[in-house]
Amino acid sequence: MPYTPDWEALQADAVATLSRYVQFDTTNPPGNELPAAEWLRDELVRRGIVQEVALYEPAPGRGLLLARIPGSEPLKPLILNHHIDVVAADPGQWTHPPFGGVVADGFVWGRGTLDTKCLGVIFMLALQELLEEGVTFRRPVIFLAVPDEETGGRQGMRWLVERHLADLDPAWVWDEGGGGIRGIFGEGVFFGIAVVERQIQHLRLTATGTPGHGSMPHADNACVTLLRALERILSSPRPMRLNEVTKEMFRALGRGQTFPRSLVRFLAHPLFLRLAGRRLAADKWLNAMLRDTVSLTVLRAGYKVNVIPERAEAEIDCRLLPDTDAAEFHRWLRGRIADERVRVEVMESSPPSGVSPRDSAFYRAVVRAVERHVPGSTVFPLLMTGATDGRYFRQRDYPAYGFGPIVLEPEDISRTHGIDERISFANLVLGIRIAREVIRELCVGEAGGSG
Ligand SMILES: [Zn+2]
């Protein structure tokens, strides 16, 4: 008789496990992920998924867990990654306490239920289910749970990759990022698999000038110098541009839609892009997909109303398309500033990264599993407008894919990093079903190859 999982029991287990996981307050900063990582280790062992788990502490209180299921063949491992830390939550605004792990109305509520503790629970239960079925893994699987994603990964994934990449040497990395969405592009369900991200350039602009009394304005006021430079930068957006990923994405989004939504497929055409550019840019998500962007996020200057200060500072969050040359961007920026009194300093930058291939065994396995479990849905490659830990692998030419195996409604999206974050029972089960099949195809069955 073919093996069939007890889906009802699995759902109850997933709900209870995620509820417990959410109750670890891993707000970053400070993160304090170690207790949650220790709990995960105990869960993995208790469930018979692994015998030994490595627990690192990249900084005091920060737990990083690495568990390896050995494979019977000398193949590169599949990494299943999620991050333990979460962003802050103001309990006063929430229906249920953000770290209460409340289960109500068919949902698990709490900070991290979507971003990304759900992914950890989905991976863990999918692995357990396969092992209970009695399969043997021909390819090793690495279950990773990292701290510090939300503030850039310096004490998390970056720490790990800089020290242990040679031991990891993955065939593919499955991380957070894309996923399924219903009700934005018409009736259907659309699944984005993130294959590339924009580059980060976090810059500080410092203007210096001549201090003086506020009663006597003069032409060398640092505040004014900075203000005018910023105005020149922000009033001239960078050109819109398509790349292979966004072209394919817009083509997929336009398929199977009725007029006028079907027009979106023409976005892949440069002429249409030029004609429709201004209207597209009004949508902040499309705008971020199509060009390098600059956000003014921090301003610092002055201390007294009647004193002209000698310096003024601004921080800008610049995100560059994957194929933008960062040196060219800096030349453009200097050209816009056009003032010797303004200094530009790089606070943080990410090197350009490759695009994870769309013809890999991993990508194909995800497409097949999605088509089987959500029939009629459309899958497309996604350019991430923000950053995830996946970039640390892509920068080193390891394929990493951002994919949440769940389907969200538009209103769910604002709950991530927002108020009343929650995940439905149905999504937890869907996630386990999809993950189980993808892992099976890549690490158990005949198909797979090394990528
Ligand atoms: Zn996240």
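Both ligands and their constituent atoms are indexed starting at 1 by order of listing. Keep in mind the model is a prediction, meaning the values are calculated, not measured.
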Electrostatic pair Glu43:Arg46 at N-O distance under 4.0 angstrom: yes
What atom name does the N, O or S atom of His83 nearest to the Zn ion (ligand 1) carry? NE2
Could you identify the N, O or S atom of Glu176 positioned closest to the Zn ion (ligand 1)? OE1
Interatomic distance, Phe99 atom CZ to Asp25 atom CG [nearest 0.5 angstrom]: 4.0 Å
With Arg62, which of Asn28, Thr26, Asp85 fulfils side-chain hydrogen bond (donor to acceptor under 3.5 Å, both in side chains)? Asn28
Is the Zn ion (ligand 1) less than 2.8 Å from an N/O/S atom of Asp115, whether that atom is in the backbone or a side chain? yes
Between Trp174 and Phe123 (judged by ring centroids, cut-off 6.0 Å), do the two rings come close enough to count as a pair? yes
